[in-house]
Amino acid sequence: MAALLKQSARLGLSGRHGQVFCRLPWALSFQRYMFNANKKILVEMDKSTGVALMKMANPPVNLLNLETLTEFAISMEKLELDKDCKGLILTSSLSKVFTAGLDIMEMCGKSPEHVTEFWRAVQEMWLKLYGSNLVTIAAINGFSPGAGCLMALACDYRIMADNVKYSIGLNETQLGIVAPFWLVTRELRPSLFS
Ligand SMILES: CCCCC/C=C\C/C=C\CCC/C=C/C(=O)SCCNC(=O)CCNC(=O)[C@H](O)C(C)(C)COP(=O)(O)OP(=O)(O)OC[C@H]1O[C@@H](n2cnc3c(N)ncnc32)[C@H](O)[C@@H]1OP(=O)(O)O
């Protein structure tokens, strides 16, 4: 993140209170592009730095439902295919929630087919992040329970906003969901793999 900001300064961007203001001539704007499918995942790719900023934008709490997870996977695929993209910062567009995790309503009163599709999308999200060729950074700017924690763990680096009110953790056992073996061994106890 610091490197990104340094690069921004070199290119004529100035920052104040965490915001970055652009003073670049319009002619250089081709170096940036933005995309989103359904506006739940916003991506801004800066070709001059090779860094993409991905913001979850599903108010009020950035729930990870099937639609958002699918959009996330598509966005990751697009970035992986961009040879100029070297790094990814994953964050939230909301002020105090990174993501409230999986939408528990996706697991409640739904058909077995739907639940299967949903969990496949959860697993795909993890695979896309954990297996990414990009340098991935989670900029955790708010509460991050359950799958929010899973997302952060799947990134190469994590930075969390310095606010004692925000919590992060795998709290899903409180809902009767058990973290799968591969998650525990890969991310929480990697020594078991060596
Ligand atoms: C067998 C095959 C295995 C394959 C496995 C593959 C992968 C699995 C890998 C790992 C397992 C990970 C499992 C992860 C599970 C989860 O993520 S479970 C969800 C955990 N999350 C929570 O417990 C969050 C609970 N929410 C909060 O604590 C708060 O909402 C908050 C985030 C602190 C924000 O607080 P606040 O700003 O005050 O907002 P509200 O509480 O008022 O919430 C606003 C509305 O959003 C609803 N909501 C919040 N969280 C959820 C949620 N997780 N699901 C559904 N809905 C949620 C909340 O009810 C409010 O709704 P209304 O406005 O009242 O209608």
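Remember, predicted model here, so these are calculated numbers, not experimental data. Every number for a ligand or one of its atoms is a count from 1 in the order of the listing.
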Atoms of ligand 1, numbered as shown, that sit under 4.0 Å from any heavy atom of A100: 19 (C), 20 (C), 21 (N), 22 (C), 24 (C), 32 (C), 50 (N), 53 (N)

From the candidates K96, M105, R120, the one that places a heavy atom nearest atom 38 (O) of ligand 1: K96

Residue pairs involving residues 133-164 (criterion ring pair (Phe, Tyr, Trp, His ring centres under 6.0 Å); sequence neighbours excluded): F143-Y166

Subset of ligand 1 atoms that lie under 4.0 Å from at least one heavy atom of G101: 17 (O)

E124 and K128 ion-paired at < 4.0 Å: yes

Where ligand 1 meets L175 - atom numbers and elements under 4.0 angstrom, heavy-atom basis: 18 (S), 19 (C)

Heavy-atom nearest option to atom 53 (N) of ligand 1, drawn from D103, L102, V61: L102

Pick from W126, F98, W119, Y166: the one approaching atom 8 (C) of ligand 1 most closely through a non-hydrogen atom: W119

Close N or O approach (Q123, ligand 1; < 3.5 Å): no

Contacting atoms of ligand 1, where contact means under 4.0 angstrom from a heavy atom of F143: 33 (C)

Part of L170 with heavy atoms under 4.0 Å of ligand 1, whether side chain, backbone, both or neither: neither

Any N141 side-chain heavy atom under 4.5 Å of K96 side chain: no

F72 side chain near M54 side chain, heavy-atom distance below 4.5 Å: yes

L102 vs E172 side-chain heavy atoms within contact, under 4.5 Å: no

I104-ligand 1 polar pair, N/O distance under 3.5 Å: yes

Qualifying residues under side-chain contact (heavy atoms from CB on, under 4.5 Å), relative to K110, sequence neighbours excluded: E106, H114, V115

Distance-only polar pair, side chains of Y130 and D156, donor-acceptor under 3.5 Å: no

